[in-house]
Visitor: 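Would you mind keeping the following structure in view while I ask a few things?
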Amino acid sequence: ADRVDAATDPATEEPAGPDDRARVVFVTDYALGLVNGTFGGFAPGPAPPDDAFAVALAATAPDELDVRGLVITHGNDVMAAEVIAATQGLEEMGLDIPVIAGPAIPLPNPPIETVDGAPLTGSCIDDGVRFLADELRDGPLTVLAIGPFSALACLALEYPDEAANIDEVIALAGSKGEPLLLRTPT
C-alpha cells in the first residue's frame, strides 16, 4: 500500500485531518528510570532511555501519528516494573496513552506441548496481545517494535487474521553490539 504523508493530503494540499494519521502501537520494554543492577539480565546499571525517547518523539507528531498504546514486554527489566515506569513516564510527559501489560517472558522454544504431543495453544495470550488483536480488527496498524518481539510472535500464532492486517512493522533490535533497524516493505 502506498503511504500518504500524513502532514498534508496530496490531492488537496490541505493539512491532513485526524483520520489521516498513521495508527501506531509501540511494543516496548520501556524501563526509563529503573535500576536493578541487571537490566535485561546481561549488564549492571540503569535501563537505557531509548524507548522513552522514541515515545516522546512520536508524541511530538500528533498530526502524523495516532499512538494507540504501548504494549510492554519483558526485556530491560521485570515487565511489571516496566509497566509502572511507562505509566509514570507518560504521566510526566502529559500523555494520555494506554499502557498495556504484554508478555512477561519469551515464548518457549521449543513450543510447549501437552503430554499427548498436541501443541498447547493460547498459552502466550495476554492483555497486550489481545490489545494488538483488537486494534487490528479496527483497521491497519503500524507496529513500532522496539522491545522483544514476543507479543508479535504470539499475535501471529494465535490471531493470524488480525496479524495479517498489520500495515508495517518498524523494528529496532539488538541489545549487544550494533543495533539493527528492520522495516517491512510497504
Side-chain angles (χ1 to χ4, degrees), residues 1-9 14-34 47-77 79-104 125-156 159 162-174 179 181-186:
D2 291 323
R3 296 288 287 197
V4 174
D5 179 4
T8 60
D9 181 340
E14 297 293 320
D19 294 336
D20 296 328
R21 299 177 300 163
R23 296 174 65 245
V24 300
V25 169
F26 282 90
V27 175
T28 171
D29 54 351
Y30 186 118
L32 183 65
L34 299 180
D50 55 335
D51 292 18
F53 287 142
V55 172
L57 284 172
T60 67
D63 293 337
E64 298 175 35
L65 300 175
D66 178 12
V67 180
R68 308 294 298 164
L70 275 62
V71 173
I72 307 299
T73 66
H74 62 90
N76 283 328
D77 209 301
M79 192 269 301
E82 292 175 348
V83 168
I84 294 169
T87 301
Q88 290 175 344
L90 293 177
E91 287 173 2
E92 289 292 323
M93 289 187 269
L95 300 175
D96 185 22
I97 299 171
V99 175
I100 304 95
I125 297 173
D126 53 49
D127 290 343
V129 173
R130 284 187 205 94
F131 177 80
L132 285 166
D134 288 344
E135 285 295 323
L136 287 160
R137 286 185 201 107
D138 290 342
L141 187 69
T142 295
V143 178
L144 304 173
I146 58 176
F149 302 155
S150 302
L152 289 176
C154 182
L155 179 76
Y159 297 98
E162 289 82 352
N165 211 16
I166 293 174
D167 186 41
E168 184 174 32
V169 175
I170 301 173
L172 182 59
L181 177 63
L182 306 169
R183 187 171 187 167
T184 59
T186 57

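What's counted below: heavy atoms across the whole structure, side chains too, no hydrogens, waters or symmetry copies. For the single chain, residues carry numbers from 1 onward in sequence order.
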Visitor: At their closest point, which heavy atom of A81 faces which heavy atom of D77, and how far apart are they?
Guide: CB-OD1, 4.3 Å
Visitor: Would you say that L132 contacts I100 through its side chain, given a criterion of any heavy-atom pair below 4.5 Å between the two side chains?
Guide: no
Visitor: Apply salt bridge (charged side-chain N to carboxylate O under 4.0 Å, His left out) to D138 and list each qualifying residue two or more places apart in sequence or on a separate chain.
Guide: none
Visitor: So do L136 and L155 actually touch side chain to side chain, heavy atoms under 4.5 Å?
Guide: yes
Visitor: Give the minimum heavy-atom separation between V71 and A151, together with the two atoms involved.
Guide: CG1-CB, 4.3 Å
Visitor: Can you tell me how far the OG1 atom of T60 sits from the CG atom of L65, to the nearest 0.5 Å?
Guide: 8.0 Å
Visitor: Does P140 have any side chain to side chain contact (heavy atoms under 4.5 Å, CB included) partners at least two apart in sequence or in another chain, and if so, which?
Guide: N165, D167
Visitor: With sequence neighbours left out, what residues match T73 under side chain to side chain donor-acceptor pair (under 3.5 Å)?
Guide: none
Visitor: Does the side chain of P103 reach to within under 4.5 Å of the side chain of M79, using non-hydrogen atoms?
Guide: no
Visitor: Run the salt bridge (charged side-chain N to carboxylate O under 4.0 Å, His left out) test against R23 and tell me which residues pass, sequence neighbours left out.
Guide: E135
Visitor: Let me have the donor-acceptor pairs involving side chains of residues 50-58, under 3.5 Å, with sequence neighbours excluded, atom names and distances please.
Guide:
from, atom 1, to, atom 2, distance (Å)
D51, OD2, T28, OG1, 2.6
D51, OD2, D29, N, 3.2

Visitor: Given the rule in the side-chain contact (heavy atoms from CB on, under 4.5 Å) test, do V143 and E168 qualify, once you have shown the distances and angles that lead to the verdict?
Guide: CA-CA 6 Å; V143 178; E168 184 174 32; over 6 Å; no
Visitor: When you compare the side chain of P98 with that of L70, does any pair of heavy atoms fall below 4.5 Å?
Guide: no
Visitor: For L144, check side chain to side chain contact (heavy atoms under 4.5 Å, CB included) against everything at least two apart and list the hits.
Guide: V24, F26, T142, I170
Visitor: Where is the tightest heavy-atom contact between A145 and V169, given as atom of each residue plus distance?
Guide: CB-CG1, 4.3 Å
Visitor: Are V27 and F149 packed together at the side-chain level, in the sense that at least one heavy-atom pair is separated by less than 4.5 angstrom?
Guide: no
Visitor: How long is the straight-line distance from CD1 of I166 back to CG of L152, given to the nearest 0.5 Å?
Guide: 5.5 Å
Visitor: Return yes if some donor-acceptor pair links the side-chain N/O of E82 with the main-chain N/O of N76 below 3.5 Å, else return no.
Guide: yes
Visitor: Determine, stepwise, if the pair V25 / R68 fulfils side-chain contact (heavy atoms from CB on, under 4.5 Å).
Guide: CA-CA 5 Å; V25 169; R68 308 294 298 164; 3.8 Å; yes
Visitor: Would you give me the side-chain donor-acceptor pairs under 3.5 Å for residues 85-93, sequence neighbours excluded?
Guide:
from, atom 1, to, atom 2, distance (Å)
T87, OG1, V83, O, 2.8

Visitor: Taking the side chain as every heavy atom from C-beta outward, state whether H74 and S150 have any pair of such atoms under 4.5 Å apart.
Guide: yes
Visitor: Tell me every residue that passes salt bridge (charged side-chain N to carboxylate O under 4.0 Å, His left out) with R137, counting only those two or more places apart in sequence or in another chain.
Guide: D134, E162
